[in-house]
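Each remark here refers to the structure printed beneath this line.
Throughout, protein chains are lettered first and strands after them, A, B, ... in sequence-line order, and every chain is numbered starting at 1. Since this is a predicted model, take the numbers as computed values, not measurements.
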2 protein chains.
Amino acid sequence: MNIGDAARASGVSAKMIRHYERIGLIRTSSRTQAGYRQYHERDVHLLRFIRRARDLGFSLDQIGQLLSLWDDPGRASADVKRLAEAHIADLDARITALTEMRTTLTTLAQACHGDHRPDCPILQGLATPPPAS
Amino acid sequence: MNIGDAARASGVSAKMIRHYERIGLIRTSSRTQAGYRQYHERDVHLLRFIRRARDLGFSLDQIGQLLSLWDDPGRASADVKRLAEAHIADLDARITALTEMRTTLTTLAQACHGDHRPDCPILQGLATPPPAS
DNA sequence: ATAAACCCTACCACGATGGAAAGGTCAAGC
DNA sequence: GCTTGACCTTTCCATCGTGGTAGGGTTTAT
């Protein structure tokens, strides 16, 4: 299987497969005499794992750790859970930050009549110190 | 006022002030004979505006547009509101995406007993196709 | 006079991904 | 057998916002 087939089968672009190889996230594949990378079904499994972990927002570094645990039959599920919960905490922080932005901005936007006149609470809100929270 | 004072007064790092100048977000400041950038209170106002807009998650490109409107006494508040609402929609999309990740991951993590045993629904979830939603 | 604190420019780095350039390879059709 | 198109290869550059570092000049206070 060439890299394009592995890409289509896994949902990871050929570009990224090469990248993951170069940064050591996945092992170097075998090559044909012409230098084409060769992949097998198990490689596609691995790439799909990575793709799903990316879809859940794990960083490539975290995915490296997940892959180590995946490979390790003697792993403790506690280690996996710890990684996951750390990531959940990170997601929570990001959601909180974005939600706060959204709340503030929505308040400003609601106060803006949004017509042809120039006066605008949004610009005023940006130009003056936020109320002490 | 030197760049360090402007940075402290505005909450924008000196590094970023220089960067904003280079990308054309703010005008080039006057310089002393030694080449030191000189700032005034109105520059600090401007930088604070940028800082608050960044805190609300606007991109530098969007901030450029906001600054144009801020400068324009003949602006229509509708233009500002449109920018803000586009950004709110963007925030919503990101919040939704992160929340979906969080939901999926939390479900997996809850199913994981998190002890010394190796079997782990989190890894299983990453290794097998997500259930068709 | 010297030291500390400041300023300057010009680089490089992150993280994950895409794009483009410039070239080699393979398979199908003529 | 040759051409064409689809594939593969590597290498470099770009994104976005920010931080760091190196190597140098300036100002201010002791």
Side-chain angles (χ1 to χ4, degrees), chain A residues 1-26 28-40 43 47 49-67 86-87 90-91 93-94 97-98 101, chain B residues 1-26 28-40 43-44 47-67 86-87 90-91 93-94 97-98 101:
Chain A
M1 195 177 352
N2 285 341
I3 196 170
D5 304 304
R8 271 181 294 274
S10 65
V12 177
S13 73
K15 202 76 196 266
M16 282 300 101
I17 297 175
R18 295 192 194 98
H19 181 57
Y20 295 163
E21 179 186 306
R22 206 170 58 84
I23 66 174
L25 187 65
I26 60 181
T28 60
S29 71
S30 59
R31 303 274 188 130
T32 66
Q33 283 195 326
Y36 284 23
R37 289 173 179 79
Q38 286 298 289
Y39 296 97
H40 306 278
D43 301 309
L47 289 169
F49 183 103
I50 295 174
R51 178 57 149 83
R52 290 196 199 97
R54 285 295 297 135
D55 287 346
L56 289 180
F58 284 101
S59 69
L60 293 184
D61 188 80
Q62 289 173 312
I63 292 173
Q65 299 177 252
L66 287 172
L67 289 177
H87 183 43
D90 186 59
L91 289 172
R94 287 152 69 188
L98 291 175
M101 292 177 193
Chain B
M1 196 178 349
N2 285 340
I3 197 168
D5 305 303
R8 272 181 294 275
S10 66
V12 177
S13 72
K15 203 76 196 266
M16 282 300 101
I17 296 175
R18 294 191 195 99
H19 181 57
Y20 294 163
E21 178 186 306
R22 207 171 56 82
I23 66 173
L25 187 64
I26 61 181
T28 60
S29 72
S30 58
R31 304 274 190 130
T32 67
Q33 284 196 326
Y36 284 22
R37 290 174 180 79
Q38 286 299 290
Y39 297 96
H40 307 278
D43 302 310
V44 174
L47 290 170
R48 275 204 277 250
F49 182 103
I50 295 173
R51 180 57 149 84
R52 289 195 199 100
R54 286 294 300 136
D55 286 346
L56 289 181
F58 283 102
S59 68
L60 294 184
D61 187 81
Q62 289 174 312
I63 293 173
Q65 301 178 248
L66 287 172
L67 289 178
H87 182 43
D90 187 59
L91 290 172
R94 287 152 69 188
L98 292 175
M101 292 178 193

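- With hydrogens and angles left out, the side chain of Tyr36(A) and the base of dG24(C) share a donor-acceptor pair within 3.5 Å.
- Dashed line: the shortest gap from a side-chain N or O of Arg54(A) to OP1 or OP2 of dG15(C) is not under 4.0 Å.
- When each of dT9(D), dG18(C), dT18(D) is scored by its nearest atom to the side-chain atoms of His19(B), the top-ranked nucleotide is dT18(D).
- Backbone-only contact: Tyr20(B) has heavy atoms under 4.0 Å from sugar-phosphate atoms and none from a base.
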Given Tyr20(A) and Ile63(A), is the side chain to side chain contact (heavy atoms under 4.5 Å, CB included) satisfied, shown in steps? CA-CA 11 Å; Tyr20(A) 295 163; Ile63(A) 292 173; over 6 Å; no
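- Taking atom CZ of residue Arg37(B) and atom C1' of nucleotide dC8(C), one finds them 7 Å apart after rounding to whole Å.
- Rounded to whole Å, atom C1' of dC8(D) lies 11 Å from atom CG of Asp5(A).
- In this structure the side chain of Ile17(A) reaches within 4.5 angstrom of the side chain of Ile26(A), judged on heavy atoms.
- Residue Arg22(A) is out of contact with every strand shown, counting any heavy-atom pair closer than 4.0 Å.
- Among the nucleotides dT10(D), dT21(D), dA16(C), the one closest to any side-chain atom of Arg18(A) is dT10(D).
- Toward the 5' end of DNA chain C, the nearer of the two residues Tyr39(B) and Gln33(A), judged by each one's closest nucleotide, is Tyr39(B).
- As a whole-Å value, the separation of Glu21(A) CD from dT10(D) P is 8 Å.
- Among the protein residues, Thr32(A) comes within range of no part of the nucleic acid, since none of its heavy atoms lies under 4.0 Å from any strand.
- With respect to the salt-bridge test (charged N to carboxylate O, under 4.0 angstrom), the residues Asp5(A) and Arg8(A) qualify.
- Computed from coordinates, the Arg94(B) CZ to dC16(D) P distance equals 13 Å when rounded to whole Å.
- Considering only the side chain of Met16(B), dT18(D) comes nearest among dT17(C), dT18(D), dT10(D).
- For dG19(D), one of the phosphate oxygens OP1 or OP2 lies less than 4.0 angstrom from a side-chain nitrogen or oxygen of Ser13(B).
- One interatomic measurement links the two molecules: CG of Leu25(B) to P of dC16(D), which rounds to 13 Å at whole-angstrom precision.
- When the P atom of dT17(C) is taken as reference, atom CD1 of Ile50(A) falls 10 Å away, rounded to whole Å.
- Distance CZ (Arg31(A)) to P (dT9(D)): 6 Å, rounded to an integer number of Å.
- Closest-nucleotide positions on DNA chain D for Leu60(B) and Arg8(A) were compared, and the one nearer the 5' end corresponds to Arg8(A).
- With His87(B) contributing its side chain and Gln62(B) its backbone, the two residues share no donor-acceptor pair below 3.5 Å.
- The closest donor-acceptor contact from the side chain of Arg48(B) to the backbone of Ala9(B) lies under 3.5 Å.
- Per the geometry, NZ belonging to Lys15(A) stands 10 Å off P belonging to dA20(C), to the nearest Å.
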